[in-house]
Structures are given as C-alpha cells and as structure tokens.
Amino acid sequence: MRRKIVAGNWKMNNTFQNAEDLLDELVDSLANEQEDQDVEVVVCPPFLYAEMALDMSTDDEDASQPQVFYSVGVQNVSEYEKGAYTGEISAGMLASMNVEYCIVGHSERRKYFGETDSQVARKVEQLLQNAITPIVCCGEQEADREAGNQFEVVGRQLKEGLFHLKPLDFSRLIIAYEPVWAIGTGKTATPEQAQEMHAFIRGLVQEQYGKEIARVVPVLYGGSCNAKTAKDLFAMPDIDGGLIGGASLDARDFVAIINSFEK
Ligand code: PGA
C-alpha cells in the first residue's frame with residue numbers, strides 16, 4: 001500500500017490572526033472528523049506562520065503520547081546553503097525549526113519568479129541534505145496540452161529536476177502533478193486525464209529507478225481539487241492524494257478532501 005497524503009498550499013494568503021483561526025478550526029475538525037488516521041496531512045503556510053503552525057500541530061495534554069494532527073511544510077526554500085543571500089531562507093533553517101516538508105518547483109514560482117529545473121534540482125538537494133521531504137511539482141501549460149506535448153513537458157521537468165538523484169534520495173520525495181491550466185481556475189483535470197499522467201510519471205520513475213521505487217513513490221494531484229472532485233481523483237490507481245490550494249483555506253473543505261479516499 002502506498003502512502004496517502006493531502007497537503008494544503010496556502011500560497012500568499014491569510015493574516016496572522018486569520019491563520020491562527022484557520023489552524024484552530026483545522027485542529028478541531030481533524031480531531032473530530034478525520035476518518036482515516038493513515039492519511040498524512042500536511043499544512044504549508046507562509047514561512048512567517050510556520051512556527052505557529054508547528055506549535056498548534058500537536059495536542060500535548062498527555063505529554064507521554066502527544067497527538068499530532070498534521071505536519072508542517074513551507075512553499076519554497078533557497079537553493080543555497082547559507083550566507084549573503086538577502087531575503088532567503090535555507091533548508092538548514094527549516095530543519096532547525098522541525099519543518100518536515102517543502103513544496104518545490106510550483107508553477108507559480110516557475111512563472112512569476114523564473115524558477116528553472118536546475119534550481120529545482122539544487123533546492124531538492126538542499127532539502128534532502130537536511131532531511132526535509134520535497135514535494136516537487138510538475139505540470140504542463142494549457143498550450144502544451146492543446147499541442148499534445150504534455151508528456152514531453154512533464155518528462156523533461158522530472159528528468160532535469162530529479163533524475164540526477166541517487167535512488168535512496170529519490171525514494172524520499174513526493175511528486176505533485178499540477179496541470180497549470182487547472183490551478184486556481186476551477187477547471188479540474190478529469191480523473192482519467194490525471195490518472196493517465198500519473199501512470200506516465202510512475203512509468204518514467206520505473207525506467208530510471210526500477211519497479212520498487214516506482215511502486216512506492218507518492219504522486220499527488222493538484223489543480224482545483226476540491227471536496228466535490230477529490231473522491232473520483234483519489235479513487236484512481238496512481239493518484240495518492242492531493243496538493244490543495246484554494247480549498248485548503250477552509251478547514252471544513254480541507255478535511256472533506258482528507259476524507260475522500262476510498263474506504
Ligand atoms: P488550487 O491550487 O487548488 O487553488 O487550484 C493548487 C496548487 O497550486 O497547489
């Protein structure tokens with residue numbers, strides 16, 4: 001059985017107060033409504049709120065058995081280790097705060113900040129060296145799909161961003177397929193379209209790293225995934241969960257997505 005994972009990408013949303021309220025509500029909903037404790041829940045707030053998110057992620061009423069409701073991730077990391085890089089945050093800093101996951105190569109970073117596959121590769125290396133799990137995004141633009149180039153585009157992103165890794169390192173990451181035309185548009189990929197790409201991704205991983213790693217690597221779907229569409233997407237054999245943007249800003253919607261795996 002592969003891991004089941006739902007990660008929320010808050011993007012650049014929420015004031016400190018809103019963030020605290022949302023986390024409060026989320027903890028409450030997860031404590032009362034999460035149906036399957038095997039689903040790994042990850043919350044990726046803006047950096048500034050990571051410490052608060054970490055503090056609120058556990059209930060240590062019973063200190064010998066603290067209950068962990070979700071893990072904390074962030075949305076970006078520096079490709080550099082340390083030093084004179086004004087405004088950057090390193091993987092080492094994240095690790096020192098117990099951040100466990102980090103999104104890398106999101107299409108918004110590629111589009112608005114010019115993030116390249118080689119930067120993705122360096123960021124992934126920094127994260128792995130610091131024992132943080134990278135959630136690496138890939139996905140084609142609408143024009144790529146219209147031209148029938150979606151497999152080539154996604155294949156290139158994976159090869160250039162990830163396939164230089166040693167098998168043991170590769171086996172520690174999570175892939176998120178996010179067709180750019182589906183992100184924030186309300187246009188979810190059909191379960192069949194997503195499944196086709198997820199199977200393609202798993203096939204590439206198999207060619208590069210062999211059957212066992214391909215069998216276990218989690219591949220999440222992202223792009224207008226919501227409480228209505230998650231169930232059919234998560235029922236697909238190669239879809240292991242979701243990377244959720246807009247719907248992760250509402251605790252009830254997010255928990256409904258977490259509860260969308262087949263029982
Ligand atoms: P969305 O974003 O769910 O709002 O489409 C997903 C993402 O960008 O990770």
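Only this structure's heavy atoms are used, side chains among them; waters, hydrogens and symmetry mates stay out. Please read all numbers here as calculations on a predicted model, not as lab measurements. All ligand and atom numbering here is 1-based and tracks the order in the structure.
Every atom of ligand 1 with a heavy atom of H106 under 4.0 Å away is listed here by number and element: 7 (C), 8 (O), 9 (O). Near L243, with a cut-off below 4.0 Å to any heavy atom, the atoms of ligand 1 are 6 (C), 9 (O). Near E178, meaning under 4.0 Å from any of its heavy atoms, are these atoms of ligand 1: 6 (C), 7 (C), 8 (O), 9 (O).
Classification of the F170-Y209 ring pair by plane angle, with boundaries at 30° and 60°, yields parallel. In this pair, F16 and Y49 present their aromatic rings perpendicular. The plane angle is above 60°, beyond the 30 to 60° band.
The protein heavy-atom contact nearest to atom 4 (O) of ligand 1 is G246 N, 2.8 Å. Summary of contacts: the protein heavy atom closest to atom 2 (O) of ligand 1 is K11 NZ, 3.3 Å.
Where the criterion is an N or O separation shorter than 3.5 Å, residue side chain and backbone included, I244 fails it with respect to ligand 1. On a distance-only criterion, G245 and ligand 1 share at least one N/O pair closer than 3.5 Å. Inclusion of A247 in the set of residues having an N or O under 3.5 Å from an N or O of ligand 1 is not warranted. Checking only distances, T185 never comes within under 3.5 Å of ligand 1, N or O to N or O.
Here A182 has backbone heavy atoms under 4.0 Å from ligand 1, and that is the only part of it that gets that close. When non-hydrogen atoms are compared, ligand 1 lies under 4.0 Å from the side chain of N9 (C-beta onward) but not from its backbone.
At least one heavy atom of S224 sits closer than 4.0 Å to an atom of ligand 1.
Between Y221 and F234, the ring centre distance reaches or exceeds 6.0 Å.
The pair E25-R252 fails the salt-bridge criterion, with no side-chain N (NZ, NE, NH1 or NH2) lying under 4.0 Å from an Asp/Glu carboxylate O. A salt bridge is absent between R156 and E140; no separation between the charged side-chain nitrogens and carboxylate oxygens falls under 4.0 Å. A salt bridge does not link K228 to D253: none of the charged nitrogens lies less than 4.0 Å from a carboxylate oxygen.
No side-chain donor-acceptor contact under 3.5 Å links Q75 and Y101. E115 and H106 form no side-chain donor-acceptor contact under 3.5 Å, judged by distance and modelled atom types alone.
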